[in-house]
Amino acid sequence: MDDQTPLKKTPLHALHLSLGAKMVPFAGYDMPVQYPAGVLKEHLHTRAAAGLFDVSHMGQVIVKAKSGSCEDAARALESLVPVDILGLKPGRQRYGFFTDENGGILDDLMITNRGDHLFVVVNAACKEADVAHMEAHLSGCDVTLLEDRALLALQGPRAASALAGLWPEVTAMKFMDVRDASLLDAACIISRSGYSGEDGFEISVPSAQAEQIAKALLEHPDCQPIGLGARDSLRLEAGLCLYGNDIDTTTSPIEASLEWAIQKARRMGGERAGGFPGADRILDELTNGTSRRRVGLKPEGKAPVRGHSKLFADGEGGTEIGEVTSGGFGPSVEGPVAMGYVPTDYAAPGKQIFAEVRGKYLPVTVSALPFITPTYKR
């Protein structure tokens with residue numbers, strides 16, 4: 001995107017300004033990076049109570065088979081993702097990713113069975129490419145990018161009680177459940193999921209009612225607005241990938257330690273094994289392993305190790321072995337945390353390696369992910 005292209009605004013743009021947000025360009029949008037409380041307090045508030053995020057920049061897409069059968073839509077979409085979508089029950093959601101012919105990751109996404117169609121949420125920076133990708137390959141389906149909906153994320157241990165004030169039935173939902181709900185008479189779609197490692201919800205709302213619903217949620221004493229800065233530190237502590245940083249077309253799902261998202265049905269010996277782009281490589285890596293893996297990294301001391309820092313086997317910087325993909329300070333962990341790729345020989349938790357920070361080689365310990373204990377409501 002060049003500097004001449006005006007930034008897009010979400011339906012909550014005016015609300016962000018009224019709340020004193022510091023705005024920054026992100027994925028072509030003018031987005032709040034933090035509010036007056038600051039990133040550290042916003043992060044800790046989300047872990048302790050409830051935080052409201054504007055994620056309306058993300059793409060909300062309907063995939064509907066021309067036959068009207070959700071099974072046909074699921075079968076079609078399975079040709080683009082290594083995920084079991086046919087086995088996804090109505091009202092349930094699943095994480096997945098588009099792969100390319102080389103087994104790299106084009107984008108990661110959430111897929112919901114909505115009964116007569118699939119509802120797919122994709123990353124903001126990839127949404128036009130993702131829609132074009134689906135349109136090019138899913139000839140039996142209509143693919144519609146919803147332009148008239150906002151997306152709110154309500155995250156934290158008190159998110160359910162904050163949302164229950166508008167929709168009491170929310171308390172019955174389990175992790176990855178998706179339900180239709182009426183919030184202040186607006187037709188919404190609520191999923192019990194999120195990007196923080198906490199219990200929480202993502203709420204698709206009509207654009208025209210987005211500000212009214214956001215304000216109503218923020219009236220709850222436990223709920224505060226949270227910006228992109230804390231969203232990033234929360235997801236890093238939760239060991240969750242950011243597309244374009246931790247995963248992209250140069251990383252396979254197995255290298256990225258995402259094999260948990262490839263169900264048995266799509267694996268070797270499964271009833272619908274393969275049949276997705278890059279299947280030969282991905283299925284081979286599932287069986288035989290990879291030469292490198294995404295791992296958690298805990299730097300010693302207080303200095304954060306940022307993305308693109310080089311990783312070395314020794315403290316003299318003699319043998320470069322990998323690179324940090326995301327890094328920063330983890331407020332809940334009370335220290336720096338990072339993720340990166342290292343050779344499989346170095347991927348065991350407890351292994352000590354070194355990161356280059358301003359010409360010095362700082363000790364870093366390979367760590368199991370996530371850095372915090374998730375509180376999803378199973």
Side-chain angles (χ1 to χ4, degrees), residues 32-35 37-56 58 92-95 108 110 112 121 123 151-167 169-179 181 183 188-205 213-214 217-243 246 258 260-261 296 326 328-335 337-339 367-378:
V33 68
Q34 65 179 72
Y35 297 88
V39 173
L40 182 78
K41 284 184 177 171
E42 290 173 30
H43 175 115
L44 293 173
H45 183 84
T46 305
R47 290 261 185 260
L52 186 68
F53 305 73
D54 180 10
V55 287
S56 305
M58 296 181 76
R92 292 289 292 165
Q93 175 175 256
R94 185 162 274 169
Y95 173 79
D108 62 339
M110 299 300 286
T112 299
V121 178
N123 284 303
L151 194 62
L152 309 177
L154 181 66
Q155 299 284 292
R158 298 182 197 162
S161 60
L163 188 50
L166 300 184
W167 190 61
E169 296 95 302
V170 72
T171 52
M173 291 178 70
K174 296 276 196 297
F175 184 55
M176 292 295 201
D177 278 350
V178 181
R179 298 284 180 269
L183 304 185
C188 300
I189 305 165
I190 298 178
S191 69
R192 194 159 200 161
S193 59
Y195 194 52
S196 63
E198 298 296 331
D199 182 26
F201 305 88
E202 294 192 330
I203 311 163
S204 172
V205 306
I213 291 167
L217 290 168
L218 289 171
E219 280 173 10
H220 192 282
D222 288 330
C223 189
Q224 289 182 10
I226 312 293
L228 289 175
R231 182 172 165 84
D232 194 51
S233 56
L234 288 159
R235 69 93 195 166
L236 178 54
E237 286 184 342
L240 299 172
C241 295
L242 175 63
Y243 190 82
D246 309 292
L258 296 174
W260 56 267
S326 288
F329 184 76
S332 309
V333 178
E334 298 182 336
V337 288
M339 296 192 293
S367 167
L369 292 171
F371 297 105
I372 50 109
T373 303
T375 61
Y376 310 126
K377 187 183 174 187
R378 300 286 183 184

inquiry  = Main chain of Arg192, side chain of Glu202: is a donor-acceptor contact present, judged purely on distance under 3.5 Å?
reply    = no
note = Scanning both residues in full, the closest heavy-atom pair of Met176 with Tyr95 reads CE-N, 4.4 Å
inquiry  = Looking at every non-hydrogen atom in both residues, tell me the closest pair between Asp222 and Ala49 and how far apart they are.
reply    = O-CB, 3.4 Å
query = Would you say the side-chain atoms of Arg47 pair up with the backbone N or O of Ser196, donor to acceptor, closer than 3.5 Å?
reply = yes
What donor-acceptor contacts under 3.5 angstrom involve side-chain atoms of residues 370-378, with partners at least two apart or in another chain?
{"residue": "Thr375", "atom": "OG1", "partner": "Glu198", "partner atom": "OE1", "Å": "2.9"}
{"residue": "Thr375", "atom": "OG1", "partner": "Asp199", "partner atom": "N", "Å": "3.0"}
{"residue": "Lys377", "atom": "NZ", "partner": "Thr171", "partner atom": "O", "Å": "2.7"}

With sequence neighbours excluded, residues passing side-chain hydrogen bond (donor to acceptor under 3.5 Å, both in side chains) with Arg92 = Asp177
ask   = side chain to side chain contact (heavy atoms under 4.5 Å, CB included) with Ile203: which of Ile189, Leu163, Leu166, Leu151?
value = Leu163
task = Kindly say whether Asp232 contributes a backbone atom to a donor-acceptor pair with the side chain of Tyr195 at under 3.5 angstrom?
result = no
ask   = Within the distance-only criterion (no hydrogens, no angle test), does the side chain of Gln93 pair as donor or acceptor with the backbone N or O of Met110 below 3.5 angstrom?
value = no
request  = Would you mind reporting whether Ser233 and Pro331 have side-chain heavy atoms less than 4.5 Å apart?
outcome  = yes
inquiry  = In the structure I gave you, are the side-chain heavy atoms of Leu152 and Phe201 within less than 4.5 Å of one another anywhere?
reply    = no
request  = Please check if the side chain of Asn123 supplies one atom and the backbone of Asp108 the other of a donor-acceptor pair under 3.5 Å.
outcome  = yes
key: For Cys188 against Ile213, the heavy-atom pair lying closest together   = SG-CD1, 3.9 Å
request  = Go through Leu44 and Ser332 one step at a time and tell me if the side-chain contact (heavy atoms from CB on, under 4.5 Å) criterion holds.
outcome  = CA-CA 7 Å; Leu44 293 173; Ser332 309; 4.2 Å; yes
key: Main-chain N/O of Tyr35 paired to Glu42 side chain as donor or acceptor, under 3.5 Å   = yes
request  = Test Thr46 against Gln155 for side chain to side chain donor-acceptor pair (under 3.5 Å), laying out the working first.
outcome  = CA-CA 6 Å; Thr46 305; Gln155 299 284 292; over 6 Å; no
message = Contact between Val337 and Phe329 at the side-chain level, heavy atoms closer than 4.5 Å - yes or no?
response = no
key: Minimum-distance pair of heavy atoms, taken over all atoms of Ala162 and Leu217   = O-CD2, 4.0 Å
message = What I'd like to find out is whether the side chain of Arg235 reaches to under 4.5 Å of the side chain of Asp246, using heavy atoms alone.
response = yes
ask   = Below 4.5 Å, heavy atoms only, C-beta onward: do Arg231 and Val55 meet side chain to side chain?
value = yes
task = Given side-chain contact (heavy atoms from CB on, under 4.5 Å), test Gln224 with Lys41 step by step and report yes or no.
result = CA-CA 10 Å; Gln224 289 182 10; Lys41 284 184 177 171; over 6 Å; no
key: Non-hydrogen side-chain atoms of Cys223 and Leu154 separated by less than 4.5 Å   = yes
ask   = So, His45 side chain and Ala50 main chain: donor-acceptor pair closer than 3.5 Å or not?
value = yes
ask   = Are any of the side-chain heavy atoms of Met339 and Leu369 separated by less than 4.5 Å?
value = yes
